[in-house]
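To start, the structure itself, in structure tokens.
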Amino acid sequence: MNKPRVLFVCTHNSARSQMAEGFLRSMAGDRFDVRSAGTEKTSVNPLAIRVMAERGIDISRHTSKLLTA
């Protein structure tokens, strides 16, 4: 059985979409194929990494990805 796919998208794929991906992976990653992407590739915002770490979710290894990929 294939997992449902979820794609979170924001412009730079640096904070909001990365955080949403991290939350869903943490809460139900075994039930979904979760990814995030943006229209421009940048880097993951260090503040997003820090805030997620405060919630016990590690997104420090996430990378910014383009929507077209």
Side-chain angles (χ1 to χ4, degrees):
M1 178 184 212
N2 290 337
K3 296 179 185 181
R5 291 179 173 178
V6 177
L7 175 62
F8 293 103
V9 178
C10 69
T11 304
H12 295 110
N13 190 225
S14 63
R16 293 169 297 206
S17 55
Q18 293 288 346
M19 293 171 78
E21 177 185 354
F23 276 123
L24 186 55
R25 280 187 190 278
S26 175
M27 294 185 304
D30 58 329
R31 293 184 288 151
F32 295 93
D33 178 12
V34 185
R35 299 174 191 254
S36 66
T39 56
E40 298 176 33
K41 187 174 177 180
T42 59
S43 60
V44 180
N45 188 315
L47 293 176
I49 294 170
R50 187 170 77 194
V51 167
M52 293 299 284
E54 290 174 3
R55 304 281 296 174
I57 301 170
D58 183 9
I59 64 168
S60 64
R61 294 187 179 156
H62 283 202
T63 59
S64 179
K65 297 161 289 296
L66 284 175
L67 182 59
T68 55

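Computed over heavy atoms, backbone and side chain alike; hydrogens, waters and symmetry mates excluded.
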To the closest 0.5 Å, what do you measure between NZ (Lys65) and CD (Gln18)? 4.5 Å
With a 3.5 Å distance limit and no angle check, can you tell me whether Thr39 reaches the backbone of Thr11 through a side-chain donor-acceptor pair? yes
How many angstroms lie between atom CD1 of Ile49 and atom CE of Met19, to the nearest 0.5 angstrom? 10.5 Å
Val9 reachable from Val6 in the ILVMFWY side-chain graph, under 4.5 Å edges: no
In one Ile/Leu/Val/Met/Phe/Trp/Tyr side-chain cluster, 4.5 Å: Leu66, Ile59: no
From Ser14 atom OG to Lys41 atom NZ, the distance as rounded to the nearest 0.5 Å: 13.5 Å
Donor-acceptor contact present, side-chain Thr42 to main-chain His12, <3.5 Å: yes
Going from CE on Met52 to OG on Ser26, what distance comes out if it is rounded to the nearest 0.5 angstrom? 7.0 Å
Quick one: CZ on Arg31 to CG on Leu24, what's the gap to the nearest 0.5 Å? 8.5 Å
Would you mind reporting whether Asn2 and Asp33 have side-chain heavy atoms less than 4.5 Å apart? no
Beyond-backbone contact of Arg16 with Phe8, side-chain heavy atoms, under 4.5 angstrom: no
Closest heavy-atom contact between Ser36 and Asn13? OG-ND2, 3.0 Å
Quick check: does any side chain N or O of Glu21 sit under 3.5 Å from a backbone N or O of Arg35, one acting as donor and the other as acceptor? no
